[in-house]
A.B. asks: 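Next up is a structure, given as structure tokens.
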Amino acid sequence: QVHLVESGGGFVQTGDSLRLSCAASGRTFSNYGMGWFRQAPGDGREFVAAISGIGGRTLYAESVAGRFTISRDNIKNTLYLQMNSLKPEDTAVYFCAAAPGGEEWSSPMRYDSWGQGTQVTVSS
């Protein structure tokens with residue numbers, strides 16, 4: 001498994017931007033597809049975005065497409081989520097996750113390593 005640590009969350013206003021980071025260690029980072037998920041209070045874990053191992057393919061939830069951008073730096077072993085035009089409904093704990101095999105998946109069942117999460121709160 002991969003050890004993952006998220007950072008970059010915070011409290012922002014509607015329309016603001018944030019960039020989340022996820023530092024990975026323990027395995028060859030490029031061998032893993034990576035994803036971002038989020039969970040609001042009382043809700044299940046929701047897919048946000050995913051990226052393939054070498055970064056050539058990305059996948060987004062409809063609710064964030066055009067506002068969020070997932071990227072990765074396989075030299076720095078870091079995953080990113082650039083979030084623009086934030087809305088109150090984006091408020092959640094955001095988790096990064098790693099899926100062995102290098103594919104980008106929307107199902108959380110495909111991921112076997114998870115970070116501890118970082119809180120994003122968007123105020124109206």
Side-chain angles (χ1 to χ4, degrees):
Q1 291 189 331
V2 181
H3 182 60
L4 303 170
V5 179
E6 301 96 334
S7 61
F11 185 98
V12 296
Q13 303 292 320
T14 296
D16 285 351
S17 298
L18 273 178
R19 188 175 81 155
L20 305 183
S21 298
C22 172
S25 60
R27 289 287 189 269
T28 302
F29 186 56
S30 59
N31 288 345
Y32 287 80
M34 298 295 296
W36 286 100
F37 293 79
R38 66 188 182 187
Q39 188 166 15
D43 292 345
R45 195 159 292 191
E46 176 191 17
F47 169 73
V48 175
I51 188 168
S52 60
I54 59 172
R57 299 186 305 273
T58 57
L59 189 64
Y60 293 94
E62 190 174 327
S63 59
V64 307
R67 299 188 298 123
F68 291 11
T69 302
I70 188 172
S71 62
R72 65 191 296 162
D73 185 331
N74 286 346
I75 302 299
K76 295 182 178 179
N77 289 350
T78 303
L79 175 74
Y80 302 100
L81 184 68
Q82 177 66 44
M83 305 186 294
N84 298 330
S85 302
L86 283 162
K87 305 174 181 180
E89 51 264 44
D90 294 318
T91 295
V93 178
Y94 283 71
F95 300 88
C96 65
E103 299 294 319
E104 70 285 8
W105 302 104
S106 61
S107 169
M109 300 296 291
R110 293 288 188 171
Y111 295 82
D112 68 355
S113 301
W114 293 82
Q116 82 290 346
T118 186
Q119 177 71 48
V120 172
T121 303
V122 184
S123 171
S124 58

A.B. asks: Can you name the closest pair of heavy atoms from A92 and A40 and give their distance?
C.D. replies: CB-N, 3.9 Å
A.B. asks: Can you tell me how far apart CZ (R45) and CZ (R38) are? Round to the nearest 0.5 Å.
C.D. replies: 13.5 Å
A.B. asks: Say you draw a straight line from OG of S21 to CZ of R72; how long is it, rounded to the nearest 0.5 Å?
C.D. replies: 13.5 Å
A.B. asks: Enumerate the disulfide bond (SG atoms under 2.5 Å apart) contacts for residues 54-90, please, sequence neighbours excluded, ordered by first and then second residue.
C.D. replies: none
A.B. asks: Any chance you could measure L59, atom CG, to W105, atom CH2, to the nearest 0.5 Å?
C.D. replies: 10.5 Å
A.B. asks: Does one hydrophobic cluster hold both V122 and L20, with members joined at side-chain heavy-atom distances below 4.5 Å?
C.D. replies: yes
A.B. asks: Look at the rings of W114 and F37 and say which category their plane angle falls in: under 30° parallel, 30 to 60° tilted, over 60° perpendicular.
C.D. replies: tilted
A.B. asks: Give the intermediate values and the outcome of side chain to side chain contact (heavy atoms under 4.5 Å, CB included) for residues L18 and F11.
C.D. replies: CA-CA 9 Å; L18 273 178; F11 185 98; over 6 Å; no
A.B. asks: Looking only at atom types and distance, does a side-chain atom of T14 sit under 3.5 Å from a main-chain N or O of S123, one as donor and one as acceptor?
C.D. replies: yes
A.B. asks: In the single-linkage hydrophobic clustering (I, L, V, M, F, W, Y; side-chain heavy atoms under 4.5 Å), do M34 and Y60 co-cluster?
C.D. replies: yes
A.B. asks: Looking at Y111 and G33, would you say the former's side chain and the latter's main chain have a donor-acceptor pair under 3.5 Å?
C.D. replies: no
A.B. asks: Applying the side-chain contact (heavy atoms from CB on, under 4.5 Å) criterion to C22, which one of V2, L4, T118, N77 satisfies it?
C.D. replies: L4
A.B. asks: Take S63 and E89, measure what side chain to side chain contact (heavy atoms under 4.5 Å, CB included) needs, and give me the verdict at the end.
C.D. replies: CA-CA 10 Å; S63 59; E89 51 264 44; over 6 Å; no
A.B. asks: Measure the CD-OG distance between E103 and S52 for me, rounded to the nearest 0.5 Å.
C.D. replies: 7.5 Å
A.B. asks: Looking only at atom types and distance, does a side-chain atom of E6 sit under 3.5 Å from a main-chain N or O of Q116, one as donor and one as acceptor?
C.D. replies: yes
A.B. asks: Any sub-3.5 Å donor-acceptor pair from Q119's side-chain atoms to G9's backbone N or O?
C.D. replies: no
A.B. asks: Are F95 and V120 in one and the same hydrophobic cluster, where Ile, Leu, Val, Met, Phe, Trp and Tyr link if side-chain heavy atoms are under 4.5 Å apart?
C.D. replies: no
A.B. asks: Can you measure from CD1 (I54) to OG (S30) and round to the nearest 0.5 angstrom?
C.D. replies: 8.5 Å
A.B. asks: If you round to the nearest 0.5 Å, how far is CG of L79 from OG of S71?
C.D. replies: 7.0 Å
A.B. asks: Between I51, I70, V64, which is the residue that forms a side-chain contact (heavy atoms from CB on, under 4.5 Å) with W36?
C.D. replies: I70
A.B. asks: If you compare all heavy atoms of Q39 against all heavy atoms of D43, which two are closest, and at what distance to 0.1 Å?
C.D. replies: NE2-O, 3.0 Å
A.B. asks: Does the ring of Y32 carry R27 above it, NZ/CZ under 6.0 angstrom from centre and within 45° of its axis?
C.D. replies: no
